[in-house]
Structures are given as C-alpha cells and as structure tokens.
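Following: one structure in structure tokens, then a few remarks.
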Protein chains: 2
Amino acid sequence: MALKSTLRDRRRLQTSREIQRAALSLALSQGYEGLTTEMIAAEAGISQRTFFNYFLNKEAAIIGETVSFDEETVAWFRESSGPLVPDLLQALRRLLCSSDLDRGMSQLIDRLLNKAPELVPIFYGSLKRLSDQLSDLAVLRLGQDARADADLLAEAISHALADTFRIWANDDAMAPDSIVDVTTARLLVLRGFLDQL
Amino acid sequence: MALKSTLRDRRRLQTSREIQRAALSLALSQGYEGLTTEMIAAEAGISQRTFFNYFLNKEAAIIGETVSFDEETVAWFRESSGPLVPDLLQALRRLLCSSDLDRGMSQLIDRLLNKAPELVPIFYGSLKRLSDQLSDLAVLRLGQDARADADLLAEAISHALADTFRIWANDDAMAPDSIVDVTTARLLVLRGFLDQL
DNA sequence: CACAATAATGCATTCTGTGCAATATTTGCT
DNA sequence: AGCAAATATTGCACAGAATGCATTATTGTG
C-alpha cells in the first residue's frame, strides 16, 4: 500500500498550495486582521471544514507545508567524514534542491511579514522545525551528549538561512543555488562578531 | 502623572504573577491539553474577563510578563566605547540584575516545556522579543544598515542565554550572576563550530 | 460496473477573544 | 474622613477558531 496513488497526493498538494495562495493574497489585500478561515475557504473554493482537514489552524495555512530532509541525505550525512558544519550546509543544499522553491510565494510571504509583523513569531516557530532537523543531523555525528551544542549551532544556521531566503525572494537575479553560499557568508559575519570574545 | 501609584502597579504585577502561577500549575497537573481560560481564572480567583485584561491570550499567561532594558542601560550602552559583543553581554547582566529572577517559576516553565513540547514555539516567540531588543541595542552602535547583521548576532546571543536559563533553573547551586558567564561560554562553543568554515 | 478507500461537507458544540456597559475599588485632594 | 475622578473588575453578548461525528461525494482497483 506504500507509494501508491500519487495522483491523489498531487491533487492534495495542489489544493494545499491553493489554500495557502488564497490565505496569503487575502491577507495582503484585506489585511491579516479580520481575515477569517471562511474567507480563505471561499477564496480557495472549498468548505471551511475542508480547510481544517488540510491545516491544523489558520496560521499553518499562511506558512504552508513543511520541508524535511530525505532519507538519502540523512544517510549521506551520517556516513560522511568531512567537517560537521560544511556537511550540514551541504545537506541544506540538497534540501533546497529537492524542494522546488517558489520565489513568487516567498515574495508574498516576505511582503506579508513586513505588513503584519505580528506574524513573524509564527514563522520563527516554523523555522524552529527546520532547526530541529538540523540539530538531529548534527547529533548523529556528535552524539546525544552534545544536543545543547547542536541546538545552538542549528539555530544559528537556520537563522542565517532565513535571512538569505528573504534576500533571495526579493532578488530575481539571484540563483537558488547560491542561497547556501550567501548563508555561509552570513555565518562568517556572525563568527566575526564572536571573535570579540 | 508619571511614576505615580506604585501600589496599584504592585498589585497588578502580583495578580499577573498569580495568574501565571495558576496557569503553570494547572498545565503541569492536568495537562495543557484541555486547560481552559476559565479554569485558570477560577484558580487565580478572578473572572475570565479579567484574565483577558491581563493577558492577550492563554499562551501569554504561560510565558508571563516580558522584561525590557531600562533607559539607563540603553544610555550606558549607547555611550560605551568598548567592543560591541561584550557590551551587549554587560547589558544583559544589568537586565538580569534588575528583573528579580524567580528560579521556582523558571523550573515550572522548564518542566512544562518538557511535558508539553508543543509550547516550545510559544517560548521562542517570546525569546524573539528579547532578541529584538538586543538587536535594537546593537543597531545603536552599528547603524541601521547593519540591521541584518545585528539580528543574526542577537539571535545567537539570545538562544545561548535561553540555553543557560534552563541550566540555571535546574541547578540550585548556580548563582544568577554567573548566568551571563555561562552564556559567554556557550557562544564560544558556537564560535568553535563556525571556525570550521 | 461495482466496491472499497479516501476526501469533502454540514452540523452541533466547545473554547478563545473582544466590545461594551455596569459596577466596584482605589487614589488624590480638601 | 469624605468626595470626585481615575482605574479595575465583572457580566453579557457575540464572532470566530477548531473539533467530533455522521453523511455524502469522488476516486482508484479489480
């Protein structure tokens, strides 16, 4: 029964994206304040009840589906003998490569965050999930004892990445491939600060 | 009219703490799932309506009041000519000194976060507010152009601090004064990772 | 085509959160 | 103390969020 009906899955993903698109465009045009789940459902052409079948809550619809590392990447990372941090960045490269990035959607999100700053914490909550995955990867190589250190590193990397994402969303000339490069540059800036200690 | 009725203010702070205590203890004993604002209000001896006069929402009651840098510290920081990062840590030292830390409450929070991990994002949202304040401080010295860099640095520092807080909450032998010292040590660990780049 | 699995929907219900008006309490002042 | 203004608490009504459950529609399979 595993890996069957991909047609259904594609429809599901499509509907999910349509709901997110509806939520973002309504939030941008009418304001997030006063945006109701009924409005989103109507705009997406579904019932309110179906909206809640796709997303746990209104905020999740704004954020959209979450990405995660595939098994091959995890396996590769575990076996690799290179230095930890570059390997984590390489894993991110693979992740961004597999998940097809939608610059238009990212732009909408960025504009919404500027217009409705109260949503920023929601996105940081979502970013935390990526950070947790990075931390899990790091722990594969450092051992559970280093969980706190892994968390700290993963937070820094994921925030640098989020930073870079905003840059990428607003720069049509920037290639997706260079995202992790810019993220690395951001991390070097951070290291520069920490050299003051 | 400024700086008047401190009696009223103290009562207000006391009620606020009592509500948070009620929320935390109920969440720990009965579980956060199924905890209603009416239950919290009843436990705290106030009406549900009054609960919402103190906190914008249920989650805010769990987190409690937010701290912020006082004007003297901001002024000191702006004028100081020392290196940026140590000065930021010094500002944190002053902040922790002025806000009287309640280890018992911190312990309750830490236990609740272990029991109900779905609340972790809430706390990261709250941590973000501290991070924003740190970033504002840094921008005073770096200029608005360096906002992105300041954000990155502030995130790293605030996460290292949050880390340290959990350690402090569970170690009765650890003095509040040493919190920032341990935070600095955490930041050095992070720098060690970044040296791999 | 028929049947099983899955998805969409309507409906009732509980809880969150807000606005507003009424009531109670506190504070400053004489 | 006693009065008036400011502030806090409360009850009530209401709109929206989110869930459970039963029903209906759609879709994939043999």
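Nothing here was measured: the structure is a model prediction, and the numbers come from that model. Residue numbers start from 1 in every chain, and the chains themselves are labelled A, B, ... in the order their sequence lines are given, proteins ahead of strands.
- DNA chain C is contacted by both Thr50(A) and Glu38(B); Thr50(A) maps to the nucleotide lying nearer its 5′ end (nearest heavy atom per residue).
- Across the protein-nucleic acid pair, Phe55(B) atom CZ and dC15(C) atom C1' stand 19 Å apart, rounded to whole Å.
- The nearest whole Å value for the distance from the CZ atom in Arg12(B) to the C1' atom in dT9(D) is 11 Å.
- Stacking of Lys128(A) on the aromatic ring of Phe123(B) is not recorded, the 6.0 Å distance cut-off and the 45° axial limit not both being met.
- For Arg12(B) and Tyr54(B), the positive end sits near the middle of the six-membered ring, less than 6.0 Å away and at most 45° from its axis.
- The shortest distance between the side-chain N/O atoms of Ser47(B) and the OP1/OP2 oxygens of dT9(D) is not below 4.0 Å.
- Taking a cutoff of 4.0 Å between a charged side-chain nitrogen and a carboxylate oxygen, Arg141(B) and Asp87(B) qualify as a salt bridge.
- Between the CD atom of Glu33(A) and the C1' atom of dT18(C) there is a distance of 10 Å, given to the nearest Å.
- Among the nucleotides dT26(D), dG19(C), dA18(D), the one closest to the side chain of Arg8(A) is dT26(D).
- In the model, Asp181(A) has no side-chain atom that pairs as donor or acceptor with a side-chain atom of Thr184(A) under 3.5 Å.
- In this structure, Phe51(B) atom CZ and dG17(C) atom P are separated by 8 Å, rounded to whole Å.
- For the pair Leu56(A) CG and dG20(D) P, the interatomic distance rounds to 11 Å; values are reported in whole Å.
- Distance from the side chain of Lys58(A) is smallest to dA17(D) among dT9(D), dG19(C), dA17(D).
- Within 4.0 Å (heavy atoms only), Ile40(A) reaches no atom of the nucleic acid at all.
- Among the nucleotides dT16(C), dA17(D), dT10(D), the one closest to any side-chain atom of Phe52(B) is dT16(C).
- Take the nearest nucleotide of DNA chain D for Gly45(B) and for Arg11(A): the residue whose nucleotide is more 5' is Gly45(B).
- Rounded to whole Å, the distance from CD on Gln48(A) to P on dC11(C) is 13 Å.
- Side-chain proximity of Thr37(B) to the nucleotides dT10(D), dT16(C), dG16(D) is greatest for dT16(C).
- Tyr54(A) comes within contact range of the sugar-phosphate backbone alone, with a heavy-atom separation under 4.0 Å but no base atom that close.
- Atom CG of Asp9(A) and atom C1' of dT27(D) are 13 Å apart (whole Å).
- Leu35(A) has its CG atom 16 Å from the C1' atom of dG17(C), to the nearest Å.
- Heavy atoms of Asn53(A) sit under 4.0 angstrom from at least one base atom.
- Between Thr36(B) and dC15(C) there is no side-chain polar atom (N or O) within less than 4.0 angstrom of OP1 or OP2.
- Residue-to-nucleotide contacts include a donor-acceptor pair under 3.5 Å from the side chain of Arg49(B) to the base of dG19(C).
- Of the residues Leu190(B), Leu134(B), Val180(B), Leu152(B), the one that meets the side-chain contact (heavy atoms from CB on, under 4.5 Å) test with Ile157(B) is Leu134(B).
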